[in-house]
Amino acid sequence: MGYEEVRAAGMYANGNAGTLFFENFPIQGSVTTSNVSGEVTDSAAAGTAMATGVKVDNGVISQLIPGDGLDLETILELAKQLGASTGLVTTTTISHATPAAFGAHEPNRSNYAEIISDYLTGSHPNVLFGGAQYIAPNTAISADYTVVENYDELVALDTESENMVWGQFGETHLPYEFDSFGIFPHLSETTLTALKILDNDPDGFFLMVEGGRIDHAGHSNDIQRNIFETIEFSNAVRVVSNWATGRDDTLIIVTADHETGGLQIISNNGLGTFPDVTWSTTGHTGQDVPIYAWGLNADLLDGHVDNTEIYSVLNTTLYGD
Ligand SMILES: [Zn+2]
């Protein structure tokens, strides 16, 4: 989700760029995203940089590669060690690279079954909401999770008593917002439920929420689906912000792992009409991505930062320095 993706979604949703909800956050800056070799990153390397503070090769999930290959402790794991609850929410499969970087350790992002196994036996997040691949309901139930598989089951949860919930929504990625969504919950809805479960913990929580299909629509150079995904991601941020209003102990960070598609807007066609755009690639680009921050320590993200510094700020915030 680069700058142009954010601008395009604002034009369609509200008639003008600069109008998405999170563009009201007090701290705004830019982020370099390159991988350990200085090349264009993928979500595994960028996710690992944000989750561990260490740059690695593309495809690597929170292990020191290049290097000794040992596991790199993630911010989610640190939060858990400190007694906090943890959650991962996405619109892709839950074993996809970005959530995996926060809760798994694998030399290859395609080790989907092993990533699921890392969640089950290692990081054990309290909340896992996304597409279900390589995980059957019974496997999660045996690991003490309550399993929900659609919107009705999600909203029927007693979020005051549930402590471990695995939302398995379909067998692959969630549908695009632009298409028929069927029985599945939207990102803003899974995010709200995640907050209701995690905020029961008096020791606080760490939650990573990904609008993971913004990237997919970028790969397809599909501006309609790209915009709809970005708007729903903004809706999810609004849910988080509403939860945090009035608190002084909470940090909200909105950013991207990289830009996809080399999107450029040619003309704004106003509210409810898609802008005219061009794309330069069906892959990722190395351009800086935006960052928006609100709350405790948000000022540390002002200006220009590297993606590894996001980890440092999260770490500082966890330890209350
Ligand atoms: Zn991608």
Side-chain angles (χ1 to χ4, degrees), residues 1-9 30-52 55-62 65 88-104 106-112 115 130-131 133-134 170 172-179 187 208-234 236 253-265 277-291 306-308 310:
M1 186 185 73
Y3 285 95
E4 290 289 89
E5 281 80 356
V6 174
R7 292 180 65 227
S30 59
V31 185
T32 44
T33 66
S34 57
N35 73 6
V36 68
S37 311
E39 299 160 344
V40 174
T41 193
D42 74 339
S43 293
T48 296
M50 291 188 276
T52 72
K55 285 190 186 287
V56 297
D57 283 342
N58 284 357
V60 174
I61 301 293
S62 292
I65 301 173
L88 296 171
V89 175
T90 186
T91 50
T92 66
T93 56
I94 197 65
S95 52
H96 218 244
T98 303
F102 286 85
E106 294 295 330
N108 190 322
R109 62 181 287 171
S110 302
N111 295 354
Y112 297 121
I115 287 166
Q133 212 174 27
Y134 301 98
T172 178
H173 308 306
L174 274 293
Y176 279 119
E177 286 290 328
F178 187 76
D179 303 320
L187 185 64
M208 195 290 296
V209 176
E210 182 194 28
R213 303 213 69 194
I214 299 170
D215 168 68
H216 295 169
H219 283 291
S220 305
N221 291 356
D222 179 337
I223 191 61
Q224 299 175 332
R225 285 171 182 77
N226 194 281
I227 283 174
F228 271 57
E229 292 303 303
T230 305
I231 292 172
E232 179 58 13
F233 175 68
S234 179
I253 299 174
V254 176
T255 190
D257 40 17
H258 52 72
E259 197 271 346
T260 305
L263 178 65
Q264 202 156 20
I265 297 165
V277 303
T278 60
W279 304 85
S280 66
T281 174
T282 55
H284 302 162
T285 69
Q287 59 184 251
D288 287 357
V289 294
I291 187 166
D306 186 65
N307 56 4
T308 52
I310 295 170

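Remember, it's 1-based here, ligands and their atoms both numbered in the order they're listed. Positions are given from 1 along the sequence.
No side-chain donor-acceptor contact under 3.5 Å links D215 and S43. If you check the side chains of E5 and T230, you find no donor sitting under 3.5 Å from an acceptor.
Around atom OH of Y134, no more than 12 heavy atoms belonging to other residues, nucleotides or ligands sit under 6.0 Å away.
For the side chain to side chain contact (heavy atoms under 4.5 Å, CB included) test, residues two or more places apart in sequence or in another chain that qualify with T308 are A49, K55, D306.
Counting all heavy atoms, side chain and backbone alike, A44 lies closest to A97 at N-CB, 3.7 Å.
Classified by interplanar angle (parallel below 30°, tilted 30° to 60°, perpendicular above 60°), the ring pair H96/Y112 is parallel.
Annotation: protein N, O or S atoms under 2.8 Å of the Zn ion (ligand 1) (waters excluded) comprise D215 OD1, D215 OD2, H219 NE2, H284 NE2.
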